[in-house]
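Only a predicted model underlies this, so the values are computations on that prediction, with no experimental measurement involved. Every chain is numbered from 1 and lettered A, B, ... according to where its sequence line falls, protein lines coming before strand lines.
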2 protein chains.
Amino acid sequence: MKPRHDHRSEDCRAISALLQRVGDKWTVLVVTTLGKGPMRFSELRYAIGGISQKMLTTTLRSLERDGFATRTVFPTIPPRVDYELTNLGRELLVPVTALSEWARANTERINKARARFDATVK
Amino acid sequence: MKPRHDHRSEDCRAISALLQRVGDKWTVLVVTTLGKGPMRFSELRYAIGGISQKMLTTTLRSLERDGFATRTVFPTIPPRVDYELTNLGRELLVPVTALSEWARANTERINKARARFDATVK
DNA sequence: CCGTATCCGATGAGATACTG
DNA sequence: CAGTATCTCATCGGATACGG
């Protein structure tokens with residue numbers, strides 16, 4: 001039987017899941033950086049700056065798992081690994097970019113609201 | 001003087017921050033629910049379903065702090081507290097809805113990619 | 001160069017119990 | 001009814017060290 005808080009809630013949860021997925025600390029940064037073109041591990045690390053090796057590896061694995069990026073190993077010495085967005089990854093970039101634009105346009109308003117709130121509430 | 005479309009990682013970090021902000025477990029669910037109209041605490045809790053009292057309070061405080069929602073107390077007995085989206089909150093809903101649509105349209109592709117990855121990598 | 005393993009502190013989130 | 005206070009457990013993310 002259908003619970004009374006029905007239909008929409010299901011969809012919202014799926015959306016929440018995606019937002020949590022792309023809302024972790026590094027995913028957006030990595031995806032937008034890869035959006036400029038294929039890049040190898042060390043280039044990515046340098047381009048992003050401040051990300052640990054562990055988190056870059058973890059983030060890239062997740063992207064690969066979800067079909068947002070591909071991983072190509074060149075068995076040379078020293079080894080070289082290239083990462084590239086898939087079509088799905090590039091499509092993801094579209095709504096994410098929309099949100100980005102919103103963020104850029106509105107961070108100031110949010111910061112002001114926070115300052116106001118923090119000032120009045122102790 | 002904002003001639004170019006600048007993809008500095010500073011901007012990306014601000015975007016990451018917003019995504020983490022709205023990417024927590026309950027924010028999107030609460031905001032989209034409030035998008036249907038003002039609602040009191042207990043209505044929200046029931047409408048969402050599965051959220052603990054603590055997390056609903058916490059989430060609503062954050063929304064209030066960031067200027068996405070307002071909180072109105074009616075000093076009756078028993079007390080009644082209404083929550084409502086601000087203009088900023090309703091504006092946020094626009095890009096979030098875009099991402100929602102993308103999520104709905106593509107969860108299947110993501111799930112398939114995951115299944116493939118998990119099958120080959122184990 | 002790229003990736004893994006381990007340890008550790010910080011944060012997230014649920015359960016429960018209590019107050020005005 | 002709405003909110004606070006603890007307690008507890010899981011997960012996140014950084015630092016460091018090691019391996020192919």
Side-chain angles (χ1 to χ4, degrees), chain A residues 9 12-13 16-31 33-34 38-66 69-84 117 120-122, chain B residues 9 12-13 16-31 33-34 38-66 69-84 117 120-122:
Chain A
S9 201
C12 291
R13 276 170 215 283
S16 261
L18 183 79
L19 272 167
Q20 283 189 76
R21 165 75 191 80
V22 302
D24 70 353
K25 190 165 180 182
W26 298 108
T27 292
V28 172
L29 225 40
V30 171
V31 170
T33 305
L34 275 181
M39 218 172 282
R40 60 188 296 186
F41 189 89
S42 49
E43 286 176 321
L44 263 172
R45 194 173 176 192
Y46 178 75
I48 291 170
I51 188 171
S52 67
Q53 192 173 33
K54 174 192 165 184
M55 288 316 295
L56 183 52
T57 302
T58 305
T59 304
L60 288 168
R61 279 293 170 290
S62 301
L63 291 177
E64 195 193 354
R65 177 170 187 256
D66 289 351
T70 56
R71 176 174 181 269
T72 311
V73 180
F74 300 92
T76 57
I77 295 178
R80 171 195 176 115
V81 182
D82 276 22
Y83 291 91
E84 183 172 11
F117 185 90
T120 57
V121 185
K122 186 170 15 191
Chain B
S9 66
C12 293
R13 277 169 213 284
S16 261
L18 182 80
L19 273 166
Q20 283 190 74
R21 165 73 190 83
V22 302
D24 70 353
K25 191 164 181 183
W26 298 107
T27 292
V28 171
L29 226 40
V30 171
V31 170
T33 305
L34 275 181
M39 220 173 280
R40 59 188 298 185
F41 190 88
S42 49
E43 286 175 322
L44 263 172
R45 193 172 177 193
Y46 180 74
I48 291 171
I51 188 171
S52 68
Q53 193 173 32
K54 175 192 163 185
M55 287 317 295
L56 183 52
T57 302
T58 304
T59 303
L60 287 168
R61 279 295 170 289
S62 301
L63 292 178
E64 195 193 353
R65 178 170 185 256
D66 289 352
T70 56
R71 176 174 181 268
T72 312
V73 180
F74 300 92
T76 56
I77 294 179
R80 169 193 178 116
V81 181
D82 276 23
Y83 291 91
E84 182 172 12
F117 184 90
T120 58
V121 181
K122 181 170 40 183

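Partners of B:S52 by side chain to side chain contact (heavy atoms under 4.5 Å, CB included), not counting sequence neighbours, listed by chain and number: B:K54, B:M55. Among residues two or more places apart in sequence or in another chain, the side-chain hydrogen bond (donor to acceptor under 3.5 Å, both in side chains) test is passed with A:R61 by none. For B:R45, there are no salt bridge (charged side-chain N to carboxylate O under 4.0 Å, His left out) partners at least two apart in sequence or on another chain. Applying the side chain to side chain contact (heavy atoms under 4.5 Å, CB included) rule to A:S42 yields the partners A:R40; only residues at least two apart in sequence or on another chain are considered. Listed by chain and number, the residues in a side chain to side chain contact (heavy atoms under 4.5 Å, CB included) with B:V81 are B:R71, B:V73, B:Y83 (sequence neighbours excluded). For the side chain to side chain contact (heavy atoms under 4.5 Å, CB included) test, no residue two or more places apart in sequence or in another chain qualifies with A:Y46.
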Side chain to side chain contact (heavy atoms under 4.5 Å, CB included) between B:V22 and B:V31, intermediate numbers included: CA-CA 9 Å; B:V22 302; B:V31 170; over 6 Å; no

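In terms of heavy atoms, B:S16 sits closest to A:L29 at OG-N, 4.2 Å. Across all their heavy atoms, A:T76 and A:R80 have their closest contact at OG1-N, 3.9 Å.
Relative to the axis of its first five pairs, the axis of the last five pairs of the helix from C:dC1-D:dG20 to C:dG20-D:dC1 sits at 30°, rounded to 10 degrees.
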Sequence-aligned protein contact record of nucleotides 3-20 of chain D, with B where the base is within under 4.0 Å of a protein heavy atom and S where only the sugar-phosphate is: BB--------BBB----B

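Among residues at least two apart or in separate chains, side chain to side chain donor-acceptor pair (under 3.5 Å) pairs with a member in residues 20-31 of chain B are B:R21-B:T27, B:R21-B:D66, B:D24-B:T27.
For B:R45 and D:dC1, the CZ to P distance is 10 Å, given to the nearest whole Å.
Mapping heavy-atom proximity under 4.0 Å, the span of DNA chain C touched by chain B runs 5' to 3' from C:dA13 to C:dG20.
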